[in-house]
Asks: 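Questions regarding the structure given below will be posed in turn.
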2 protein chains.
Amino acid sequence: MRDVAEATNLSVATVSRHINGSIKLPRDTMERIDSAIQRLNYRPNPHARSLSLGRTESIGVVIPDIANPFFARLAAAVERAAAAYGLGVMLCATLNQKERELDYLQRLARNHVDGLIFVTNRVDDGEVARAINAAKAVVVMDEDVDGTTASKIFADNERGGALAARHLIAAGHRRMAYLGGAASLMSTRERLRGFQSAIDEAGLDPALTAGFFGSYTIAHGLEAARAMLDAPEPPTAVFAASDEIALGVLTVCRDRGIRIGRDLSLVAFDDVGPLDLFDPPLTAIRQDVDSMGWQSVVRMLDAIKGEDHQAAPQRVPVELIVRASVGPPVR
Amino acid sequence: MRDVAEATNLSVATVSRHINGSIKLPRDTMERIDSAIQRLNYRPNPHARSLSLGRTESIGVVIPDIANPFFARLAAAVERAAAAYGLGVMLCATLNQKERELDYLQRLARNHVDGLIFVTNRVDDGEVARAINAAKAVVVMDEDVDGTTASKIFADNERGGALAARHLIAAGHRRMAYLGGAASLMSTRERLRGFQSAIDEAGLDPALTAGFFGSYTIAHGLEAARAMLDAPEPPTAVFAASDEIALGVLTVCRDRGIRIGRDLSLVAFDDVGPLDLFDPPLTAIRQDVDSMGWQSVVRMLDAIKGEDHQAAPQRVPVELIVRASVGPPVR
DNA sequence: CTGAAAGCGCTTACAG
DNA sequence: CTGAAAGCGCTTACAG
């Protein structure tokens, strides 16, 4: 910048102000500066700017695993929204480990980025919550971290559970299974609550629905599917609380010759994989990932500006996508 | 840091040196500093450090689209490797637009990050190549950018094509189709070359294999599949140069009642989606995404250190994963 | 309208 | 072994 100043016989102050648009210069002065910038191929140093300004014009997104399609799409949505607001995105994969969550919270909360969009998949023991509350601008997305005062963006899990149950009940199912993630995870609990409320609403016996809890993984889907099918009275329909769990169910059924949609009905949750290409195409509750990503950035901007965030978590609507994995109950 | 220095009656220089491990202090001095850091909850400001040092301890990864499973897994692999080396990762999605590629190259090449791992999916007209050559440490991965002198990591595309062709030929196919991405893309050309070389090798008539070029997308898969099936003499087998293209083929076939693996054989390329759960499970050439991501970071570190990179692109092996989408030819 | 100067928070060559 | 001081490249309150 000094070179530009010297080349134009101006001070760095003037050059700086012009670059940042905080001043309106006579046309020819402007042109002189611009051409010097071109000629010298000058690029501002963002770290000097950050150091001086105390902000970085970038945000961090902390996510369990980018290779998981759901989180990948979430990260993509955040990135797109951030780019639209001129913000860079620092990507942090925690592999769902507490240590890494805390590490990023520390490294990033302090100066490295202006704010953090935080997505976890674990149950916190309070330590992460403390770190989040100590950080400046954090938006908690997708899964709650208990005891945090941050802005929050969640799917309407409860309604999703209810939509799934109503669809299954309408097809005639009574004996059902719910395959959730960790039992203490907000999303798992809410999806279950919605599911049960629809059962109540229909006047059915809630005791006929069994719950299997573990994690939002294919591995848990495999395990839970086996346990469920090996029970003395197996269900005629299952609601998998994530795409991944549904994939596990699909695999077990294929191995055992159980035809989904005929011998067993299945509704998934997330709808980010190409579920329409599976065998059979899977009916699912779809999360609006793009909207969640976008809104998290908007909330983040508010938080950075120090606007007092709304107290209540924002709920993003979900939708039932009917395909071919639900049929009437057999047996 | 000044607070820590004052609290310990040392100079900031000493504190700085201790924090960076560039000095060995008497035990009690060390403890004094450490406890002051604790007490004052001191965290170093990375921007000041970057400004002073001229490097940032973070790298950028430029990728067409994180929501695409292949790129998502690539980004995840890069992130994991980078974290292992203590590097942060700045994520940049270009949506495969030249403007955004150049933008990131400029914004990042100059100081924002120490280096860039660059993945594109477009054919460059020379402008991006110039920007890459002007930047400091760039590693080009997955797809070539013509005319760049950067380190390069590619899959062994040619061998992948050959493996696919041999598998199909062994099943008895003679009339085949190759569904590629853009005809001028290195990966598309190489996969085709490998495919053709295996045909030659088997002494078969190369004219029996038709090529359909477009992009690595579901949309192109749909279009190409229709064109191919509507031809006067449709092929009995197809090699799709990406998972996405294969998904397009799958969709068209399902709509038309064509049974993959029976009426038409299919081999995909990438193998990052849950291809084993599709209908039928798809045979594919698998890219070793983890290895590519890891090696790109290693190369990047070399480039940052200024070590002269190897001239030749590094080739990462591919593998044929046999599932159920290939059978003998019909008709 | 424009500039000199202080300050952002580090690192490190140079002295002692 | 330790420190004073310059410097990294910006921004902006304060003067003029």
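Labels below follow one simple rule: chain letters A, B, ... track the order of the sequence lines, proteins then strands, and each chain is numbered from 1.
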Asks: So, is B/Asn20 close to the C/dT11 phosphate, meaning a side-chain N or O under 4.0 Å from OP1 or OP2?
Replies: yes

Asks: Enumerate, in order of first residue number, the stems that involve DNA chain C, defined as 3 or more consecutive Watson-Crick or G-U wobble pairs with both distances under 3.5 Å.
Replies: C:1-3 with D:14-16, C:5-12 with D:5-12, C:14-16 with D:1-3

Asks: Can you check whether A/Ser16's main-chain N or O pairs, donor with acceptor, with A/Asn20's side chain at less than 3.5 Å?
Replies: yes

Asks: Starting at OH of B/Tyr42 and ending at P of C/dG9, how long is that distance when rounded to a whole Å?
Replies: 10 Å

Asks: Only pairs at least two apart or in different chains count here, so list each ring-ring contact (aromatic ring centres under 6.0 Å, His included) that has a residue in residues 79-103 of chain A.
Replies: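 Qualifying pairs: A/Tyr85-A/Trp294.
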
Asks: Rounded to the nearest Å, what distance is computed from the CG atom of residue A/Leu51 to the P atom of nucleotide D/dG7?
Replies: 17 Å

Asks: Please state the C1' separation for the pair D/dG16 and D/dT12 - nearest whole angstrom.
Replies: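 Their C1' atoms lie roughly 16 Å apart.
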
Asks: In this structure, how many angstroms lie between the P atom of D/dC1 and the CG atom of B/Leu25, rounded?
Replies: 9 Å

Asks: To the nearest angstrom, how far is B/Arg2 atom CZ from C/dC10 atom P?
Replies: 10 Å

Asks: Find the distance A/Asn45:CG to C/dC8:C1' and express it as a whole number of Å.
Replies: 13 Å

Asks: So, B/Glu79 side chain and A/Ala93 main chain: donor-acceptor pair closer than 3.5 Å or not?
Replies: yes

Asks: Spell out, as yes or no, whether a donor-acceptor pair under 3.5 Å connects the side chain of A/Ser296 to the backbone of A/Gly293.
Replies: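 A pair under 3.5 Å: yes.
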
Asks: Nearest to the side chain of B/Leu53 - D/dT11, C/dT12, C/dT2?
Replies: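 Nearest to the side-chain atoms of B/Leu53, counting from C-beta on, is C/dT12.
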
Asks: What I want to check is whether an N or O donor and acceptor connect the side chain of A/Ser52 with the base of D/dG9 at under 3.5 Å.
Replies: no

Asks: Return yes when atom CG of A/Asp146 has more than 12 non-hydrogen atoms of other residues, nucleotides or ligands closer than 6.0 Å, and no otherwise.
Replies: no

Asks: Dump the intermediate steps for salt bridge (Lys or Arg N to Asp or Glu O under 4.0 Å) on B/Asp124 and B/Lys98, then the final yes or no.
Replies: CA-CA 8 Å; B/Asp124 177 43; B/Lys98 172 180 166 183; 5.9 Å; no

Asks: Rounded to whole angstrom units, what separation is found between the CZ atom of B/Arg27 and the P atom of D/dC1?
Replies: 15 Å

Asks: Mark yes when over 12 heavy atoms from residues, nucleotides or ligands other than A/Arg315 sit less than 6.0 Å from its CZ; otherwise mark no.
Replies: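 Yes, CZ of A/Arg315 has more than 12 neighbouring heavy atoms, counting only those of other groups under 6.0 Å.
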
Asks: Rounded to whole Å, how long is the line connecting atom NE2 of B/His18 with atom P of D/dC1?
Replies: 14 Å

Asks: Under 3.5 Å, is there a donor on one side chain and an acceptor on the other for B/Arg73 and A/Asn68?
Replies: no

Asks: Remember a base hit wins even if backbone is also touched, and classify B/Ile23 as base, sugar-phosphate or nothing at under 4.0 Å, heavy atoms.
Replies: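 B/Ile23: base contact, heavy atoms under 4.0 Å.
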
Asks: Let me know the distance between NE2 of B/His47 and P of C/dT11, rounded to the nearest Å.
Replies: 14 Å

Asks: Is the closest side-chain donor-acceptor distance between A/Arg43 and A/Asn41 under 3.5 Å?
Replies: yes

Asks: Contacts to DNA chain C from residues 8-16 of chain B, heavy-atom cutoff under 4.0 Å, which residues?
Replies: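 By residue number: B/Ala13, B/Ser16.
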
Asks: Starting the side chain at C-beta, find the nucleotide from D/dT11, C/dC10, C/dC14 nearest to B/Arg17.
Replies: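 Selected nucleotide (nearest to the side chain): C/dC14.
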
